[in-house]
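Below is one structure; the comments refer to it alone.
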Amino acid sequence: MDLFDQIIESAQQSQPQLQQHRRPATDPARLLAGLNPQQAEAVQHGEGPLLILAGAGSGKTRVITHRIAWLVSMRGVRPSEILAITFTNKAAAEMKSRIEDLVGPASLAMWIGTFHAMMLRILRRFAALLGYDRSFTILDVDDQQKIIKSCLTELNYDEKAFAPKVVHSQISAAKNALTGADQYAREAGQDFRLSRIAKVYSLYQDKLKKSNSMDFDDILYEAVRLLSDHPEVLAEYQDRFRYILVDEYQDTNHAQYRLVRLLSDRHRNLCVVGDDDQSIYSFRGANIQNILDFEKDFKGCKVIKLEQNYRSTAMVLNAANAVIKENKGRKAKKLWTSSGAGELITFLRAENHSEEGRYIAAEINRLVTRADSACAYRDIAVLYRLNALSRSLESALREQGIPYRIFGGMRFYDRKEIKDVLGYLRLILLPGDDLALNRIIQVPRRGIGDMTLEQLAFLAAREGKSQLAICAEAAVYPELQRAAARLQAFAGQISQFRSRLLANDLSLAEYIEWVESESGLVQELVDQQGKSRLDDPVDRIENLKELLSDALEFTAGRQELRALDQAGGLAPEDQDLLAEDLPSVLASFLERAALYAEMDEDRENQDYVRLMTIHSAKGLEFGTVFLVGAEEGLFPGYRSMENEADIEEERRLAYVAITRAKRKLYITTARSRLVFGQTQNLSVSRFAQEIPSQCLEEIGGSRFRDTGAEFGRSAQAGGSRFPGMPEQNRRIPDLIRPAAPNPRTSSPIDLRKGDTVRHARFGSGRIVSCEPVAGDAIVIIEFESGERKRLLARMANLEKI
DNA sequence: CCTGTTAATTTTTTT
DNA sequence: AATTAACAGG
């Protein structure tokens, strides 16, 4: 029996019970087993607001999932009456699967997801009430930036004085604070700068409305507007969500706070979980006051503190407590553990960044190869404040042959080649999407330049039509004379793509593959391969393939929903997820791409060292943690040194970093390091100095009174001051990125040099060279015409003769 | 219209 | 150091 059948069957089994709300109680002992008194109390809490202050490693996720299971099985709460909100999609997926383990497929009827994902469901349903069309699009950061820029030029504001990035973040902050454009203008008054930003804000908002689109902040802003202005809508959701749970409450912004207030106002069964000491997202609107003021805001609330830490040794915890206690204005809280003292924290004062890197690499090798230890690469993480620091580590790890993987940085859907494909798909689906058109009309190059595009935008505005429509009738406009033929060819191509979409004769993955190849996007990358380029075209072709696997997976995922619908558990908001026709499937695929950044699946059992920023390590834990670059100016960063609030946030970041370690923590620094291309001498981070001496062993120098580099102490070339540090170079590590298995195209390519093949357009020819790429191959073929072509074998549909 | 060059600019990150 | 935006020449 495959998974799909299992889901249907178990959903059917549980269905009658669901309807009668008398799902037989899961054994209560099972839900409470192994919980400490505070955890058990939180799980069993009945009605009324509840604040769970959950320190790092205190079993927070366990408490939430068990509480939800408890509500369903012991208190007869229907799964559909539960709304659980997480900070990331990844956390949501994790929560879903853990709840499913406890209560079975009933969990599928719960609303579990991020604020944005949940609100978007509601907004689509009631889009008309807010003056949007149901099909409104979600803009990504790139699009947002572009619109801001066009606003600035339109208003004739100097882009130097008004950096688009800064303006955008001000507008974003305003929206998160629920300050609309009008109110912003009123508050700005005569202030030169603010009044101008207000103008941009208002114009920006007009543009979004005109193009029927929202940015991320609008999703929250408009959701608040919907619920505040439409009591009947609010009442429906207030009724529906009898129990609301919010994870990572310390990272909520004002708009999210409003939403929580509104939705929970009827049943008042709001449970928030968080740790004020782990609030590290204020730079994007998170308001730590939300959690600090919870008791004031939700009168009569119960507060439960989870202070017992199950993750780290006493040594690590002492260090963490010592650092965080320097912060003022936090909830009194002190983590403790019943586990042993553990190993001392190792502090390293290296001469420079390469010595730091070599030390870490050597130490990792020592840990992993040590005879007695069960320490594997997968138990080790290297954390840093800035992504840029990963570079110097990379080379050291590579030299020592240590397998590693860097997380973060470029996200999958943000890659240029992926956004290009998505751009095509967007334009095909919504021919009025001028932003998408502008993104792709020059990819691949088709002889349409900036001047033409400007004309195009102007004409589209004048005629009140979409830019694609103007392209289609380009010959009519004398202004477009020169490029008319090319514009019409482009419009023709898109319309051809659209007919194929509407023909509905392909699966999503097949269709995307068809667009990738017909648009010439693949061919462009194939052509670049070989020419020395900054980005490796082979990687980019792999990414295009990976998008296909993603589409395949997505299509499979919708089957679960259908199973759920058969069980009658699907909310009205999700009914259109059932549509099976290609345009609808594509629409939801694009929506997911806009909302879900993480495609970077980390399979936990993969044996490599993990490198990431402290931010992305939040919520994770590792046996051994290296915290690198612990220097003033880097961590805390020089930009946060001016005001106390920022320093406190950096300190919380340090707290998060330290508490990731289960058994052993290393903190490393360098006396001199390249920062933004300049060698700088930096002193030891204040956070490292706040750790009590009895927790530490120091290598290479003291934490105190060791400010910059000292002359004459630079590390001897090649050698090292540290014992046990092997000389460089062993073997080149295997390719770290696991090749994405593409179930559909995974059969091996059976082509080699010298074979004769037939191509639908170019006729037959002989393969001159063949180079494997991501389950496919780039082949160079000499055709009978004498012409040489470079092609991607599978995409070109070559027939072997 | 395209492409190769110089000049300028640097957090953290998810949605 | 490295990426990206503005710029000039083919």
Between [N] and [X], is there an OP1 or OP2 to side-chain N/O distance shorter than 4.0 Å?
X	N	value
A:Asn89	B:dT15	yes
A:Asn387	B:dT13	yes
A:Thr613	B:dT13	yes
A:Arg486	B:dC1	no
A:Thr452	B:dC1	yes

* **Euclidean distance for C1', C:dA5 against B:dT12 (whole angstrom)** =>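 Roughly 23 Å separates the two C1' atoms.
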* Same-atom distance (C1') from B:dT14 to C:dT3, integer angstrom ->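 Between the two C1' atoms, the distance is 22 Å.
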Scan [X] against the nucleic acid and name what it touches under 4.0 Å (heavy atoms): base, sugar-phosphate only, or nothing.
X	value
A:Phe87	sugar-phosphate
A:Ile614	nothing
A:Gly637	nothing

If I take atom [atom1] in residue [X] and atom [atom2] in nucleotide [N], what distance separates them, rounded to the nearest angstrom?
X	N	atom1	atom2	value
A:Lys416	C:dT3	NZ	P	11 Å
A:Arg639	B:dT12	CZ	P	10 Å
A:Ile647	B:dT12	CD1	P	17 Å
A:Asp217	B:dT14	CG	P	16 Å
A:Lys618	B:dT15	NZ	P	12 Å
A:Tyr413	B:dT14	OH	P	14 Å
A:Ile280	B:dT13	CD1	P	9 Å
A:His116	B:dT13	NE2	P	17 Å

* 5′-ward residue of the pair A:Ala388/A:Gly449 relative to DNA chain B ->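 Looking at the nearest nucleotide for each, A:Gly449 comes out on the 5' side.
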* Asked: With nearest nucleotides of DNA chain B determined for A:Leu595 and A:Arg446 from heavy-atom distances, which residue corresponds to the more 5′ nucleotide?
  ->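 The residue mapped nearer the 5' terminus is A:Arg446.
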* To do: Please determine which of A:Arg439, A:Arg426, A:Arg415 meets the salt bridge (charged side-chain N to carboxylate O under 4.0 Å, His left out) test together with A:Asp420.
  =>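 The single option meeting the salt bridge (charged side-chain N to carboxylate O under 4.0 Å, His left out) with A:Asp420 is A:Arg439.
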Which nucleotide, [options], lies nearest any side-chain atom of [X]?
X	options	answer
A:Arg445	B:dT15, B:dC2, B:dT10	B:dC2
A:Leu386	B:dT12, B:dT15, B:dC2	B:dT12
A:His615	B:dT11, B:dT13, B:dT3	B:dT13
A:Arg284	B:dC2, B:dT13, B:dT12	B:dT13
A:Leu674	B:dC2, C:dA1, B:dT14	C:dA1

* Indicate the atoms forming the closest heavy-atom contact of A:Glu649 with A:Ser282, along with that distance. =>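 Looking at all heavy atoms of both residues, the shortest contact is OE1-OG, 2.6 Å.
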* Determine, answering yes or no, if A:Phe283 is stacked on B:dT12 under the 5.5 Å centre rule and the 30° plane rule. =>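 Yes, A:Phe283 stacks on the base of B:dT12.
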* Between A:Glu524 and A:Arg445, is there a side-chain N and carboxylate O pair less than 4.0 Å apart? ->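 Between A:Arg445 and A:Glu524 there is no salt bridge, as every charged N stays at least 4.0 Å from the carboxylate O atoms.
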* To do: For A:Ser685 and A:Phe635, indicate whether the former's side chain and the latter's backbone hold a donor-acceptor pair under 3.5 Å.
  =>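 Yes.
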* Modelled atom types, side-chain donor and acceptor of A:Thr153 and A:Ser150, under 3.5 Å ->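 Note: A:Thr153 and A:Ser150 side chains miss the donor-acceptor criterion.
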* To do: With side chain to side chain donor-acceptor pair (under 3.5 Å) as the test, would you mind laying out the steps for A:Gln144 and A:Lys149 before giving the verdict?
  => CA-CA 9 Å; A:Gln144 296 170 34; A:Lys149 272 191 185 168; over 6 Å; no
